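The structure appears right after this line, and notes come after that.
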Amino acid sequence: MGKMFLEHPGGTRLYSCAKCSTVLTNKDNLVSTRFTGSTGRAFLFKKVVNLIMSEKQDRVMLTGRHIVRDVSCKKCKSRVGWMYEYATEEMQRYKEGKVILERALIVELNGMVEI
């Protein structure tokens, strides 16, 4: 098998996989910190890289019925959250295409200041 290519989003505040430290996203992509996942607090991001996705699943959540995919770290395969594919309720459609990362499954790190 060939080498794995990992993307780096840049930025001064980064969110990485808690298990292997692979960078997943940055603070510029953070939409909301007011979500709850199976491990507790969770964050909604508009763009996340270095993920692999499961098949689509129909789930009933606190905010209604959604079609989602579990997302895992591309490097170590640890589950880190899920992605919203489709929301049945109009008020929840802003989540479509966005990713939830569970706080207990990621770490927040300092990035680099761009010059």
Side-chain angles (χ1 to χ4, degrees):
M1 191 165 149
K3 289 186 177 183
M4 182 183 311
F5 179 75
L6 299 175
E7 293 182 55
H8 196 291
T12 57
R13 200 73 182 145
L14 304 172
Y15 296 90
S16 301
C17 172
K19 187 172 182 181
C20 72
S21 299
T22 295
V23 177
L24 302 172
T25 190
N26 63 36
K27 191 157 187 143
D28 292 340
N29 289 310
L30 182 62
V31 176
S32 176
T33 60
R34 296 177 178 248
F35 283 79
T36 303
S38 60
T39 61
R41 195 169 166 201
F43 300 161
L44 182 69
F45 291 91
K46 59 186 170 188
K47 182 180 178 190
V48 180
V49 296
N50 301 321
L51 295 177
I52 52 175
M53 297 182 196
S54 72
E55 294 296 317
K56 293 178 187 177
Q57 302 170 8
D58 191 351
R59 281 194 201 149
V60 177
M61 301 177 148
L62 294 174
T63 56
R65 191 171 145 254
H66 301 275
I67 305 297
V68 299
R69 294 177 187 261
D70 283 333
V71 295
S72 300
C73 173
K74 185 176 185 179
K75 184 175 180 185
C76 71
K77 313 289 189 271
S78 294
R79 192 183 78 75
V80 291
W82 68 89
M83 183 181 114
Y84 289 99
E85 286 280 339
Y86 177 75
T88 58
E89 295 181 31
E90 186 68 36
M91 295 285 294
Q92 300 300 314
R93 296 244 166 101
Y94 74 95
K95 298 175 187 174
E96 292 178 354
K98 295 180 177 65
V99 176
I100 288 284
L101 296 178
E102 296 194 44
R103 185 67 187 98
L105 306 176
I106 60 171
V107 291
E108 193 172 346
L109 305 167
N110 286 324
M112 295 195 295
V113 178
E114 294 182 26
I115 297 173

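Heavy-atom basis, side chains included; hydrogens, waters and symmetry copies ignored. The first residue of the sequence shown is numbered 1, and numbering continues consecutively from there. Computed from a predicted model, the values in this text were never measured in an experiment.
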Qualifying residue for salt bridge (Lys or Arg N to Asp or Glu O under 4.0 Å) with E85, from R69, R65, R59: R69
Would you confirm whether E102, through its side chain, and T39, through its main-chain N or O, come within 3.5 Å as a donor-acceptor pair? yes
Under the 3.5 angstrom rule, does the side chain of N50 hit a backbone N or O of L6 as a donor-acceptor pair? no
For V31 and K46, which heavy atoms make the closest approach, and how far apart are they? CG2-N, 3.7 Å
Between N26 and F45, the two heavy atoms sitting closest are O-CE2, 3.9 Å
Show, in sequence, the C-alpha distance, side-chain angles and deciding distance for V80 and Y15, and conclude whether the side chain to side chain contact (heavy atoms under 4.5 Å, CB included) test is met. CA-CA 11 Å; V80 291; Y15 296 90; over 6 Å; no
Do you know the tightest heavy-atom contact between V23 and H8? CG2-NE2, 3.8 Å
For the residue pair R79 and L105, what are the closest heavy atoms and their distance? O-CD1, 3.3 Å
Hey, is NZ on K19 packed in by over 12 heavy atoms from elsewhere, all under 6.0 Å? no
Side-chain donor-acceptor pair present, N110, R13, cut-off under 3.5 Å: yes
Out of E90, E89, K95, which one pairs with Q92 under the side chain to side chain donor-acceptor pair (under 3.5 Å) rule? K95
Name the one of L51, V49, V71 that satisfies side-chain contact (heavy atoms from CB on, under 4.5 Å) with L24? L51
Tell me the closest heavy-atom pair linking S54 and Q57, and the distance in Å. OG-NE2, 3.7 Å
Which distance, rounded to the nearest 0.5 Å, do you find between the CZ of F43 and the CG of N29? 14.0 Å
So among S21, C17, S16, which one has a side-chain contact (heavy atoms from CB on, under 4.5 Å) with C73? C17
